[in-house]
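Every chain is numbered from 1 and lettered A, B, ... according to where its sequence line falls, protein lines coming before strand lines. The figures that follow rest on heavy atoms only: side chains count, while hydrogens, waters and symmetry mates do not.
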There are 2 protein chains.
Amino acid sequence: MNLKIYVLVTSDLCKGRPPDKVVNATLQGGATAIQLREKNLLGRELVDLALKYRQLTHQYGALFIVNDRLDIALAAGADGVHLGQDDIPASVARRLLGPDKIIGVSVANAAEARKAREDGADYVGLGPFFPTESKTDVGEPVDLDTLREVKGAVDIPVVAIGGIKVENAAVLCAAGADGVAVISAVVGAPDIKDATTRLVEAVQGKKLSKEGE
Amino acid sequence: MNLKIYVLVTSDLCKGRPPDKVVNATLQGGATAIQLREKNLLGRELVDLALKYRQLTHQYGALFIVNDRLDIALAAGADGVHLGQDDIPASVARRLLGPDKIIGVSVANAAEARKAREDGADYVGLGPFFPTESKTDVGEPVDLDTLREVKGAVDIPVVAIGGIKVENAAVLCAAGADGVAVISAVVGAPDIKDATTRLVEAVQGKKLSKEGE
């Protein structure tokens with residue numbers, strides 16, 4: 001389960017570019033996981049998009065996760081779902097999806113992370129770390145201490161999310177994040193492939209080591 | 001599959017009354033099927049409501065159908081789903097739900113009804129028959145000729161929907177509708193149980209026969 005470069009794709013944030021082209025570009029740049037994250041599309045559009053993302057992620061060997069809608073995940077044969085605290089409970093999702101699908105849960109602290117783990121989550125998304133324009137329904141920013149607490153509290157991958165850019169990705173990985181989830185930094189970038197590649201380099205510590213030279 | 005008195009429940013249209021109380025009252029009045037129809041609730045709230053409706057409908061021996069969200073239907077053990085033309089296609093829903101769950105599809109004419117039937121629908125909802133305030137995403141009203149055409153085109157139940165009230169329910173059933181689907185006429189009524197009972201009487205032709213006496 002490679003969630004190192006986890007790109008959330010919301011068509012409204014793609015600046016007019018077709019979301020499947022955006023997915024293709026970020027996969028070319030090295031994204032390891034794609035999340036379909038739409039709040040304003042109807043079921044038929046969601047199925048169509050999800051099937052396109054499924055094909056592209058298979059092509060690049062990347063994971064494909066659907067936000068919130070288990071039915072769309074099932075319809076498209078996605079690898080799993082990502083659930084917010086207000087979405088279908090992870091325990092219910094596990095029952096419907098079976099043991100093999102990936103379930104991720106958004107958390108803001110160690111207690112929520114432990115609960116998610118107990119309910120069957122395979123990873124948690126922790127955040128927001130920085131102010132973000134992509135999501136309006138999030139709480140107060142969390143910090144690196146919280147990241148370390150969550151890492152100590154659960155034995156599943158912890159993906160950092162919320163306002164993450166190339167510039168701040170490395171410090172999160174250095175502090176223990178198993179991956180970074182980004183929206184605007186990639187899908188809103190002028191050059192999506194290049195933005196992803198720079199994020200890959202940041203996460204791999206290349207920029208850090210260069211700075212240390 | 002008794003869809004004769006099919007009550008669609010949208011919490012925003014219940015005039016401040018808790019939707020599960022509304023469901024209970026309409027079941028007391030004789031509703032034969034309940035549809036959970038929400039557009040503004042999150043997954044967790046939907047699961048909670050759906051489980052309440054499931055319990056109540058079991059208690060009264062009524063059907064329980066979920067609008068749009070297959071995942072919520074599966075989570076709550078609903079009898080089936082109702083799908084609009086823009087929702088997950090019925091063929092996909094059938095694959096995910098298996099052969100035993102009920103799938104209903106909204107249609108506006110005989111061609112859409114035939115397509116729905118081919119895709120695996122167990123019933124169609126035809127409408128809107130009259131101007132309605134409950135749904136804003138509907139097309140031009142259909143008429144009794146269309147109802148007769150649809151009845152001639154498919155061998156599955158045809159439920160009339162859209163602006164249906166006690167006063168106009170009987171004529172639809174007389175023209176061949178296998179049931180009437182209502183929203184505001186019941187969930188917005190001052191006395192929900194009484195409004196349902198009067199609808200039952202209208203559909204059973206009691207008012208018609210009285211008029212004929």
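- Evaluation of the side-chain hydrogen bond (donor to acceptor under 3.5 Å, both in side chains) rule for B:D122 yields B:R94 as partners, not counting sequence neighbours.
- The number of heavy-atom neighbours closer than 6.0 Å to NZ of A:K151, taken from other residues, nucleotides and ligands shown, is above 12.
- Taking CZ from B:R44 and CD from A:Q85, the interatomic distance works out to 6.0 Å, rounded to the nearest 0.5 Å.
- One finds the CG atom of B:L70 at 8.5 Å from the CG atom of A:L74 (value rounded to the nearest 0.5 Å).
- The contact between B:L96 and chain A is made entirely by side chain atoms (from C-beta outward), counting heavy-atom distances below 4.5 Å.
- Counting heavy-atom pairs under 4.5 Å between each of A:I72, A:L41, A:D68, A:D48 and chain B puts A:D68 at the top.
- Both the backbone and the side chain of B:R69 come within contact range of chain A, each with at least one heavy atom under 4.5 Å from a heavy atom of that chain.
- Of the residues considered (A:A93, A:A73, A:P89, A:G84), A:P89 shows the highest number of contacts with chain B, using heavy-atom pairs under 4.5 Å.
- Summarising the geometry, atom CG belonging to A:L46 is positioned 11.0 Å from atom CG belonging to B:D86; distances are rounded to the nearest 0.5 Å.
- The distance from atom CG of A:D71 to atom CG of B:D87, rounded to the nearest 0.5 Å, is 9.5 Å.
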